[in-house]
Amino acid sequence: MSDFQGFGPRLRQRRLAAGLSLAQLAQRTNYSKGHLSRIERGLATPSAGFVRRCDDILGRAPEPEPPGPAPLPGLPGTAKRLGGLPPLARYFVGRQKELAALESLFAQRSHPPGTTVLCVISGMAGVGKTTLATSAAHRAQHAFPDGCLYLDLHGCTEGVLPVTVSDALDRLLRMLGVPAESIAHHPDDRAEQYRSVLVDRHVLLVLDNAADSRQVRQLLPGNPQCPVLVTSRSSLPALDEAHRIRLGPLPPHEATALFTQLTGIDAQRADRSEPGELGRIAYLCGGLPLAVRIAATRCAPGGAHTVEELARRLADEYGCLSELDDGERSVMASFAVSFDVLQAPAQRMFSALGTHPGSDFDAFVAAALAGTGRREAERALERLVDAHLVIRTRPGRFQMHDLLRAFAAETARRTLTAAERRAAIGRAADHYVALADAASRGLAPHRYRLPVAPAPLIAGDGLPDVEGYDRALAWFTTEQNNLAALVRATAHAQLEARCWQLAYTLRDFFFVTKQWDIWIASHREALGAARRLADPQAEAVTANNLGLALIETGDLEGAAKHYERARRLFEQAEDAHGAANALGNQAWVHYYQGEPTQALRHFETALDHYTRTGARRNAAITLRGIGLTEVELGRYDAAIDHLQAALAVLVDLELRLDAAMALNCLGEAHLRRGDAASGIPHLQRAAALSRAAGSRYEEDRALRNLDRAVAALPTTLPGTDAEVSLTARPPVER
């Protein structure tokens, strides 16, 4: 049993075959039920000692079976080549020596197994580290048949916390196609899983903007066929094995060449001007490509200044930020020149953007931050794009480079009062709560909800269209990082009501995508805000939703504490529906702890309330839980009856994801009863419907069980109808 991959499901099968409950196996192995549950669900990696102990009790496990039949027609199979590099910079000057060094490094084939080919590109802010790394990666990507990965670690991004090692591993594993439910919870387990996924691949990784060596160490794949490029302001000396490129400013002639390319000034004039105004501008920009690019926009055809005027203005601004080091003074001076020539509306917009806690935005968010209409915001953003103070990433979407974000935040602190900055965050929160509430209703219509305080819309402009399941899911996917950042920002700004409401509206999206880390972090922040607000109902729903995330990660003890707290608070508030929800959630804790009898008792109590109050969705979901519990008790006929009843209601309510989950449960029930042929149609429908709902978690669950079912058939699988009738988009509940 040395191969731990797939150990959890095999352990569960062996335990059931031995007639042992989870509690009984826990007693014999001297491990907790919670730990056993996490291992069986693939959320924890077993130790060698644990494996030996299970072999002693259950008998040595048979060797893993050879791969089963090919995937059924129409179901996904082969992995796609990765292609995650940012686009090439349009203008790129110099760095030929560095590019040649990187090309030579990638071409080497003599590295010993178990090592990582690592290069750290270091240098001051704005020197072009990212541009060099991505340019080199684009040039070399043909040599990596499995593609490239890019991840910004936000090590030096003002206002944004550096990406944790755990979160970075989670993101990389998802990029590599690992299903959400298969990603280990502990960072060390994730690192081992990450290295295992890359062990036979040829992938180029670019880790941008690292804070320190600790942020990088566990992201190294240990495979010489997967070289890693790291950019950082530090040389990361603790990474002993790294090759290093210390990137300095462009020499004057290359900085000037970049400036002339960007402005369209002909080379002959550039030669005559050296060492005049053009060279002076390159010097005042510190030879930093970012600063040169921004300064060049002022002298482009139709720009605000001549070369001579720009050189004079840069010189005037050069000493105003003496608190910064030499390189960053030049960058900030270039920003200040671009800002100072803006008209008042664009300046006000830039200051307002300095309060935005997220990394990107659209015109609606910009309008909310600035307290303007959408059309005014769009005009101001156009001016900022022209000045290269804002980058348009795609139609209607914008972001700022890290240094620009820092300058915008400093501008906001300088030009806005504390009350004005708090008000801007509050307006953005109002905007996001209104949109997220509407979008969450698109993802989960018919769900019982607390009313959130009405948020003022952007006057006369309406909101982006988030109606319907597909639009809602797309909007949440785009805005998830901004929403999570805003949860933190509202908590720090003492906007407690908006803090818990933002987390509350995110719950349905997190349930679909299973992004547990950000789910837990946002809800813990929101729980503190609800307690400071002294709002028992807000605390209860937040604790309830936090418990759901914890149970998904295998923290049954933590989930149980939050569910019990939520139940008491709901009862004190005389909220019978909330209390029933908490009790139903407590049933799941007992289910995963191997206590089906107690789980069934709680499920039935909750079902009685839902039936009496006409809460059809809640009743159907609870019937699904009852069915799964009855499977554990061996009551297969009753379980299938309850699951079919649940499915009928969920289909009638047009709830895609819940229906897919019920279909998966039906398929598993038939498998457990030994009737694989009856389970296959349910699992095929579950896979297709999960895919339509955007849930990799449920789709992968269906595909795994399909493999089991096909392998269990005594004869070749006959043609089956995998068509799904439930395709209508759920209506948005108003």
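No hydrogens, no waters, no symmetry mates; every other heavy atom, side chains included, goes into these values.
- Looking at Ser695, its side chain never comes within 3.5 Å of a backbone N or O of Arg691 through a donor-acceptor pair.
- Of the possible donor and acceptor atoms, one in the side chain of Arg244 sits under 3.5 Å from a partner among the backbone N and O of Ser235.
- The two residues Trp516 and Ala549 make their nearest non-hydrogen contact at CD1-O, 4.1 Å.
- Using cut-offs of 30° and 60° for the angle between ring planes, the Phe361 and His356 rings count as perpendicular.
- Under the 4.5 Å side-chain criterion, counting only non-hydrogen atoms from C-beta, Arg214 is not in contact with Val165.
- Closest approach of Ala133 and Thr231 over heavy atoms only: CB-CG2, 3.8 Å.
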Next on the checklist: Walk me through whether Val206 and Leu151 qualify under side-chain contact (heavy atoms from CB on, under 4.5 Å).
Outcome noted: CA-CA 6 Å; Val206 179; Leu151 182 63; over 6 Å; no
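- In this structure, Lys129 contributes its side chain and Arg233 its backbone to no donor-acceptor pair below 3.5 Å.
- Taking both residues in full, the closest heavy atoms of Ala429 and Leu486 are given as CA-CD2, 3.7 Å, listed atom of the first, atom of the second, then distance.
- Here the options are Asp208, Leu219, Asp167, the test is side-chain contact (heavy atoms from CB on, under 4.5 Å), and the partner is Leu153; only Leu219 passes.
- Under the ring pair (Phe, Tyr, Trp, His ring centres under 6.0 Å) test applied with Phe509, the options Trp519, Trp475, Phe476 reduce to a single match, Phe476.
- Here the CG atom belonging to Asp517 is positioned 9.5 Å from the CZ atom belonging to Arg171, to the nearest 0.5 angstrom.
- With a 4.5 Å cut-off on side-chain heavy atoms, Asn209 and Thr130 do not count as touching.
- Atom CG of Leu220 is separated from atom CG of Leu239 by 6.5 Å, given to the nearest 0.5 angstrom.
- One distance of note links CG of Leu384 with CZ of Phe350; it measures 7.0 Å at 0.5 Å rounding.
- With hydrogens and angles disregarded, a donor-acceptor distance shorter than 3.5 Å links the side chain of Gln215 to the backbone of Val163.
- Contact annotation: the side chain of Asp188 approaches that of Gln218 to within less than 4.5 Å [non-hydrogen atoms, C-beta and beyond].
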Next on the checklist: With side-chain contact (heavy atoms from CB on, under 4.5 Å) as the criterion, how do Arg174 and Ile183 come out once you've worked through the C-alpha distance, each side chain's angles and the decisive distance to 0.1 Å?
Outcome noted: CA-CA 8 Å; Arg174 289 172 188 265; Ile183 295 176; 3.7 Å; yes
Checklist entry - What do the steps show when you test Arg397 against Glu479 for salt bridge (Lys or Arg N to Asp or Glu O under 4.0 Å), and what is the final call? => result CA-CA 11 Å; Arg397 201 78 192 173; Glu479 297 287 356; 2.8 Å; yes
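- Judged by distance alone, with hydrogens and angles left aside, the side-chain atoms of Gln193 form a donor-acceptor pair with the main-chain N or O of Ser182 at under 3.5 Å.
- In summary, Glu410 and Arg413 engage in a salt bridge, as defined by a charged side-chain N under 4.0 Å from a carboxylate O.
- Counting all heavy atoms, side chain and backbone alike, Val512 lies closest to Gly694 at CG1-O, 3.8 Å.
- The CD atom of Gln347 sits 13.5 Å away from the CZ atom of Arg383 when rounded to the nearest 0.5 Å.
- Without hydrogens or angle criteria, Arg190 side chain to Leu169 main chain gives no donor-acceptor distance under 3.5 Å.
- Between Leu85 and Gln141, the closest side-chain pair of non-hydrogen atoms falls below 4.5 Å.
- Once rounded to the nearest 0.5 Å, the distance linking CG of Asp170 with NE2 of His185 reads 10.5 Å.
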Checklist entry - Hey, mind stepping through Arg201 and Leu176 against side-chain contact (heavy atoms from CB on, under 4.5 Å) and telling me if it holds? => result CA-CA 10 Å; Arg201 295 204 186 185; Leu176 288 163; 3.6 Å; yes
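- Side-chain N or O atoms of Arg246 include none that pairs as donor or acceptor with a backbone N or O of Ile121 at under 3.5 Å.
- For the atom pair Ile245 CD1 and Leu132 CG, the distance stands at 6.0 Å (nearest 0.5 Å).
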Checklist entry - What's the verdict on side-chain contact (heavy atoms from CB on, under 4.5 Å) for Val199 and Asn223, showing C-alpha distance, side-chain angles and the deciding distance? => result CA-CA 6 Å; Val199 69; Asn223 174 4; 5.6 Å; no
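- At least one donor-acceptor pair under 3.5 Å links the side chain of Asn482 to the backbone N or O of Ser359.
- Smallest separation of non-hydrogen atoms from Pro221 and Val228: CD-CG2, 3.6 Å.
- Side-chain contact between Leu229 and Leu102 is present, with at least one heavy-atom pair separated by less than 4.5 Å.
- You'll find the side chain of Ser104 reaches within 4.5 Å of the side chain of Gln108, heavy atoms only.
- Considering every non-hydrogen atom in both His138 and Pro86, the closest pair reads NE2-O, 2.6 Å.
- Side-chain contact between Arg95 and Pro289: present, with at least one pair of heavy atoms (C-beta onward) separated by less than 4.5 Å.
- Phe398 has its side chain out of reach of Asp362: every pair of non-hydrogen atoms, C-beta onward, lies at least 4.5 Å apart.
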Item to check | Derivation and outcome, salt bridge (Lys or Arg N to Asp or Glu O under 4.0 Å), residues Arg139 and Glu103 | outcome: CA-CA 8 Å; Arg139 293 187 182 202; Glu103 183 178 354; 5.8 Å; no
Checklist entry - For Thr411 and Ser351, what are the C-alpha separation, side-chain angles and deciding distance, and is it a side chain to side chain donor-acceptor pair (under 3.5 Å)? => result CA-CA 6 Å; Thr411 302; Ser351 295; 5.7 Å; no
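- A donor-acceptor pair under 3.5 Å is absent between the side-chain atoms of Glu382 and the main chain of Arg379, judged by distance alone.
- Here Arg488 does not pair with Glu525 in a salt bridge; the nearest charged N to carboxylate O distance is not below 4.0 Å.
- The backbone N or O of Gly94 sits less than 3.5 Å from a side-chain atom of Gln96, completing a donor-acceptor pair.
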